[in-house]
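Inspection log for the structure reproduced underneath, given as structure tokens.
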Amino acid sequence: MIDLIFAQTLNGLASASSLFLVACGLSIIFGVTRIVNFAHGSFYMLGAYLAFTLVSRFGPADALGFWGGVLLAAVIVAALGALVEIVILRRIYQAPELFQLLATFGLVLMVQDIALGIWGPEDKLGPRAPGFKSFVVLMGSRFPSYELFLIVVGPIMLGLLWFLFQKTRWGTLVRAATQDREMVGALGVNQRLLFTSVFAFGAGLAALGGALQLPREAVNLHMDLSMISEAFVVVVVGGLGSVTGAYLAAVLIGIIHAFGILIFPKITLVLVFLVMAVVLVIKPYGLMGKRPVGSAHAHGPVEPLLLPASHNVKLIGLAALAVLLLAPFVVADHWLLTLTELSIFALFAASLHFMMGPGGMASFGHAAYFGLGAYGAALAVKWLGMPMVPALAFAPFLAGIAGVIFGWFCVRLSGVYLAMLTLAFAQIAWATAFQWVDVTGGDNGILGVWPAAWAAPKLVYYYLALAVCVVAILALRIIVFAPFGYALRAGRDSPLRSEAIGLPVMRIQWIAFIIAAVAAGIAGALFAFFKGSVFPTYMAIPRSVDGLLMVLLGGVQTVSGPIVGAFAFMGLQEQLMKATMYWRFVMGASIVLLVILFPRGLVGTALAFAERRREAEPAAPVTATPEPAR
Amino acid sequence: MSPVLEVRNLGKSFGGVRAVDDVSFSVEAGKLLALIGPNGAGKTTCFNMLNGQLPSDRGEVIFDGRKITGLKPREVWRLGVGRTFQITATFASMSVRENVQMALISHAGETWTLFGRAKDRHVAEADALLKQVGMLDQAERACGVLAYGDLKRVELAVAIANKPKLLLMDEPTAGMAPRERIALMALTAEIARERGIAVLFTEHDMDVVFAHSDAILVLDRGKLIAKGRAEEVRNDPAVRAVYLGSGATSGGH
Amino acid sequence: MDRRQFVSGAALGAVALATPSLLRAQGAPIKIGEINSYTSQPAFLKPYRQGWELALEQVNAGGGVLGRKVETLFRDDAGKPEDSVRLAGELINAEKVDLLSGGFLSNVGLAIADYALQNKRLYVASEPLSDAIVWAKGNRYTFRLRPSTYMQAAMLVEEAAKLPAKKWATVAPNYEYGQSAVKWFKELLKKAKPDVEFVAEQFPALGRIDAGATVQALEAAKPDAIFNVTFAADLSNFVRQGNTRGLFEGRTVVSMLTGEPEYLDPLGAETPVGWIVTGYPHADIQTPDHVKFRDAYKAKYNDYPRLGSVVGFDTMNAIAAGIAKAGTTDNEKLIDALKGLKFTSAFGPVEFRASDHQATLGAYVGKTAVKDGKGVMVDWRYADGAKYLPSDAEVKALRPAG
Ligand SMILES: Nc1ncnc2c1ncn2[C@@H]1O[C@H](COP(=O)(O)OP(=O)(O)O)[C@@H](O)[C@H]1O
Ligand SMILES: [Mg+2]
């Protein structure tokens, strides 16, 4: 027994090293630039692929060829990172918080197709490392020498990074920027250079992490997304911006995996996210993280006033609704399917926007409530034998209950920590649906969730979905402009002031969280009956990311943005998927382009444009004096 | 007449630093009490304990005859304590009027209302308050784009929206031009006397302090080193030592 | 292009409503709507599509079916079953395809199958392995070509039962396919050899196996033999760690799908020797049907076929054969024709069973070996699917739809 514990500890430590490198890069990038870099997993994957190619070319048997290839791969990806920062990200630092996430997700999509194009679809099992091809016998069992090497690499890299951050000027700047962003500008540092170098450095670390996996793991096209969620976990468990924290967290996660296999072999996925949730609840800023100085809204433009729809906007809204109502008489039958789906996604996006925009609580796991709504409907049909209407009514409850429980924990945090905790809960929900085959059918889902006979025709279901979605979206809108919505925004703008005028910020956010969850649950339930089936993909990360993309693309600072975003994003994706097998590349490139052209989202930019024209006409333009720290 | 606020032996330490050390004083209705002292003396810490933002280590705070030590800021507010912050805290995405409306909504207990426009509530009352602080003409502008001095005035309007008995103002005039400072404090004094509000404020500008306070407390390194009327304090050797030593005053006395 | 498509689609829709279907059918191509996870599973589906297009080309070169050309509309579901349902709707309603096919992931297959039932359209599932497609959730409108999880497990159990091993360990990805493969293997092996004992079970998360720790945990249980269900990158990682740590020394491993080139090729020289696997020894099968297929494939793509190529090729041919037999694309008649349809696959004659709509396509069972630094299968035999399927009577109990 003791030898097994020993061996599993070593296994945990070995898998921690790459994870540490990747997470550490992610953490530094976030610390300095405040970018949640979804493309970090892509850098990791590119590092592995490039190393595979370079090592094969230089000759894997030769030590210089192997290690040279590994290092060169990291350097090339670092250069790519710099390029990305200069060409894309630099243009959008002034955009609202999290907007950059859109661009990095566009990159993820592009890299997926680029990697497929260059390296083809087959997995690549890399060569073993020269000098570390075999094993040593430790306490009676064979242990690969490369794994031992990796165990050593972790602390060595930690030491090197520590030296870099403590003893060099660049490192000092990075630390200063991580602690207090406003200070860097004040220090008279070349901020552009700092940001570019940090982004490149982080990308290089990710690539090194990928390249070092070469002798250990087959390089494949799914590496990016499977790494990114794990890296997020490590970063927040360790504490954003903390290198030591990232190492501790990587070791913790590695060990949990290794021992989870022995004790709970079936729930290793859930285990990791459970641990993350527990850590965040006990230590809201991670193991080694510090409460950030300055508020989470430290950069980006001043939040514009939220005005109720003007006469013109109301007319546009009514016209759009009229078009949707009349559409069935004009367009071909099958367009109803698309329109039904878009209506449902508009509600999903609006529900996410409700907590993200006015609530200031970005969720990376909003699909959980969409999915739970869908599963609520499906389980009601399957296990309780409910007909459609009661099932539709019951479903949002399940999402709402999840909102009550998850929300209670989440509102205790803020900013990216909150977002990560929502991701953790979503992953727990997803893993439960995916792996608890007896109840949920696992990935095969639950079938036969078809609407009642009267609602089965496409046209009827379209009107049903449209009606429910329009009512729900309007309800959300009314709430935003009602006292509760104002109180919610007040809590976002200044928790200090809110508490000082009697507003219980956390409780308000909690209720908003629940409302958003219920609304997403309604969308999910409609979706379940629309598709006739539910699957774990309904609450998987991509669905959550879709929601984020819709909200950000439309414009998080506007109320109608998410609806426009939903139609634009899902519409674009649907059409592209039909038009080309390389839709991911085109989609990613379009997202990047839109991000650069519309730095406040589609609606946000349009409104800002209209505003500027209105203000340009009467003489005095208002001088904006944003206060130092909001 | 019993005082509106009575502070007894209040104390707070951060690590080894005694930020506030055994401080006692009281304020009466309609009076303005100035709390002065060099930077880092513990003024803000003291305020934060008064309105519940920080738990105190020792001592008690009696408001309106009731012990409020340990209450949350929002509970203290409900009892009738308004406050402004050293670094202004307003709702940047709302207009000036909406900021005041928000406080009025909260005061009226309408926070949880899910329908009906917030914008249409308490408009007249909000405008009256804004008029009083001279911000009515900017009522439609977003707080996020206001000049700093204007923000301070908005804060004042927000702070008195719940008809408080006690107003806590942490450096209400910081960042303003000298003339503006006098005007704002004159306004505050007027409102306080008219409504019978007790005001406790901190201030660096000695002109403002001497012109508008009924009494002065001097804090240094957490300790109350003097209290009394303007002349008494001005001539106090301990006070002179502190101020001459730190050179923090801008009054030129 | 999309706009035009949309407008013409709308116009076509309007015309279609007004025109008797007979008029439309004349000379117009037969359309097949093929939905698959092309972008999320390219390793399997690129060869699949190539195999499909080869068959399509051959069919059309021979004059098509019923004198009409055959056309395929490929759609990518990106691995999301909910998208596959939307695509099915689009293909049927907008593109007016005559039938649906495709599905690599089981959940995609099941989603389309359920859609097919609702909309009374024929769906020929090519690859999804889930038993539910033809049994628990089987329906009149769905047929499946590839040997199922149950069949592949049964083929391996036949070999496993001959081994002296008593203590078994299993390792499978933690999702429906992995869990049912283990379930069937245990059940069938216990039936064949009641004295076996299962001493360890590992269920690593799909696509993110922690291979070192998993190998260690299996090793600790000291089994005589191991049943493996992991595949793709999980398999490569498992094999490499297992090789280094000596997990496979002195143990027999019985492994699902590992002999398929899609999974064997990436292993290269690292391929473990002597595993008993199901798969496809493409270079060594010399039956006339296969040689013909392989030569044509090589000529067209300058590459050897993978198992996916065979499945794509056979699915297309099966559909063509079905339509030819039915003499119409009317789905109800086509379904009656498909029941019991005999057609020639690259592996030889195959039949869609009338009882459960499962094709009797088999798989090759053999042992892994390394030849010239590449993984190959040796000592293989063709396991005819018909022999590993439950009888019609047993199927009745498994298939509520009848
Ligand atoms: N949250 C805190 N943590 C640690 N020390 C603090 C904290 N807040 C204030 N201090 C310290 O307490 C002392 C008093 O600060 P403060 O009340 O802000 O002074 P003032 O408002 O008079 O300028 C200072 O030494 C300050 O550094
Ligand atoms: Mg202060």
Side-chain angles (χ1 to χ4, degrees), chain A residues 4 7-8 11-12 14-15 116 121-125 134-135 141-144 147 216-218 220-222 226 230 257-258 261-262 265-266 268-269 331-335 337-338 341 434-435 437 441-445 447-448 450 527 531-533 535 537-538 542 575 577-579 581 583-584, chain C residues 1-2 6 9-10 13-14 38-39 42-43 46 75-76 78-82 85-86 89-90 93-94 106-107 110-111 114-115 118 130 132 137 174-176 179 201-205 207-208 210-214 216-217 219-220 232-233 236-237 240-241 244-246 262 265-268 270:
Chain A
L4 185 59
Q8 290 301 45
N11 285 327
S15 47
L116 174 62
E122 274 171 21
D123 298 348
K124 308 265 184 256
L125 188 61
S134 190
F135 58 88
S141 65
R142 282 156 64 163
F143 196 77
E147 307 272 301
R216 194 166 182 262
E217 261 188 52
N220 65 80
L221 292 165
H222 301 286
S226 70
E230 201 110 305
H257 269 307
I261 279 174
L262 295 181
K266 277 200 162 182
T268 44
L269 269 187
V331 300
D333 207 25
H334 68 275
W335 275 83
L337 298 175
T338 301
E341 195 163 315
F434 190 69
Q435 297 182 335
V437 174
D443 62 314
N444 283 353
L447 303 170
W450 295 104
F527 198 65
K531 295 293 178 182
S533 41
F535 302 96
T537 46
Y538 288 18
Q575 296 309 309
M577 280 176 89
K578 239 185 282 178
M581 282 291 161
W583 64 268
R584 289 182 303 192
Chain C
M1 148 124 183
D2 294 318
F6 156 55
Y38 291 105
T39 51
K46 191 175 163 227
R75 291 286 186 271
D76 176 27
K80 292 184 190 159
E82 65 270 33
V85 176
R86 171 167 52 73
E90 185 247 344
N93 296 303
S106 290
N107 51 19
L110 286 164
D114 200 36
Y115 179 90
Q118 284 299 312
S130 176
K137 302 275 172 189
N174 194 6
Y175 73 123
E176 196 273 346
Q179 294 181 13
E201 261 186 7
Q202 278 300 320
F203 283 101
R208 34 178 40 156
D210 200 338
T214 305
Q216 206 84 44
E219 174 76 54
S236 305
N237 303 348
R240 177 159 277 186
Q241 290 283 350
T244 319
R245 295 175 192 241
E262 284 84 341
D265 291 356
L267 289 171
E270 197 95 7

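For clarity, every value in this text was computed on a predicted model and none was experimentally measured. Below, chain A is the first sequence line, B the second, and so on; all start at residue 1.
- Salt bridge C:Glu90/A:Lys578: present, at least one basic N to carboxylate O contact under 4.0 Å.
- A:Ala218 approaches C:Asn237 most closely through the heavy-atom pair N-OD1, 2.7 Å.
- A pairwise comparison of heavy atoms in A:Asn220 and C:Ala233 identifies ND2-CB, 3.2 Å as the closest pair.
- When heavy atoms are compared at a cutoff of 4.5 Å, C:Glu176 approaches chain A by way of both its backbone and its side chain.
- Within the model, atoms CG of C:Asp265 and CD of A:Glu122 stand 5.5 Å from one another, a figure rounded to the nearest 0.5 Å.
- Only the side chain of A:Leu116 comes within contact range of chain C, with heavy atoms under 4.5 Å apart.
- Within the 4.5 angstrom heavy-atom criterion, atoms from both the backbone and the side chain of C:Ala78 approach chain A.
- Between C:Gln216 and A:Asn11, the closest heavy-atom pair is OE1-ND2, 3.2 Å.
- Using a 4.5 Å cut-off between heavy atoms, A:His222 contacts chain C through its side chain alone, with no backbone atom that close.
- Most heavy-atom pairs under 4.5 Å with chain A: of the set C:Ala213, C:Ala232, C:Gly207, C:Gly79, this distinction falls to C:Ala213.
- In this structure, C:Asp76 and A:Met581 approach most closely via the heavy-atom pair CB-SD, 4.2 Å.
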Practice task
Give the C-alpha distance, both sets of side-chain angles, the deciding distance and a yes or no for side-chain hydrogen bond (donor to acceptor under 3.5 Å, both in side chains) between A:Asn444 and C:Ser130.
Solution key: CA-CA 8 Å; A:Asn444 283 353; C:Ser130 176; 3.2 Å; yes
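- Taking each heavy atom of A:Arg584 and C:Thr39 in turn, the nearest pair found is NH1-O, 3.3 Å.
- With chain C as the partner, the residue from A:Glu230, A:His257, A:Glu147, A:Arg216 showing the most heavy-atom pairs under 4.5 Å is A:Glu147.
- Only the side chain of C:Gln118 comes within contact range of chain A, with heavy atoms under 4.5 Å apart.
- For a residue to count as touching a neighbouring chain, one of its non-hydrogen atoms must lie under 4.5 Å from one of that chain's; by this rule C:Arg208 touches chain A with the side chain only.
- The shortest distance between side-chain heavy atoms of A:Arg142 and C:Thr244 does not fall below 4.5 Å.
- In this structure, the side chains of A:Glu341 and C:Glu82 stay at 4.5 Å or more apart for every pair of heavy atoms.
- The contact between A:Ile261 and chain C is made by backbone and side chain atoms together, counting heavy-atom distances below 4.5 Å.
- The CG atom of A:Leu125 lies 5.5 Å from the CD atom of C:Glu270; values are rounded to the nearest 0.5 Å.
- With hydrogens and angles disregarded, a donor-acceptor distance shorter than 3.5 Å links the side chain of C:Asn107 to the backbone of A:Asp443.
- If you tally non-hydrogen atom pairs under 4.5 Å between each of A:Phe143, A:Tyr538, A:Phe535 and chain C, the highest count goes to A:Phe535.
- Within the 4.5 Å cutoff, the side chain of A:Ser141 has no heavy atoms near those of the C:Arg245 side chain.
- Residues C:Tyr175 and A:Gln435 form no side-chain contact, since every pair of their non-hydrogen atoms from C-beta on lies 4.5 Å or further apart.
- Judged by distance alone, the side chains of C:Ser236 and A:Asp123 never bring a donor and an acceptor atom under 3.5 Å apart.
- Note: C:Gly246 leads C:Gly89, C:Gly246, C:Ala132 in heavy-atom pairs under 4.5 Å with chain A.
- Here the straight-line distance linking atom CG of A:Leu337 with atom CZ of C:Arg86 works out to 9.5 Å at 0.5 Å rounding.
- Note: A:Gly448 leads A:Gly441, A:Gly448, A:Gly445 in heavy-atom pairs under 4.5 Å with chain C.
- Within the 4.5 angstrom heavy-atom criterion, no atom of C:Glu219 approaches chain A.
- Scored by the side-chain hydrogen bond (donor to acceptor under 3.5 Å, both in side chains) test, C:Glu262 finds no partners at all (sequence neighbours excluded).
- Atom CG of C:Asn174 sits about 7.5 Å away from atom CZ of A:Phe434, to the nearest 0.5 Å.
- With a 4.5 Å cut-off on side-chain heavy atoms, A:Ser15 and C:Asp210 count as touching.
- The most heavy-atom pairs under 4.5 Å with chain A, out of C:Lys46, C:Gln179, C:Lys80, come from C:Gln179.
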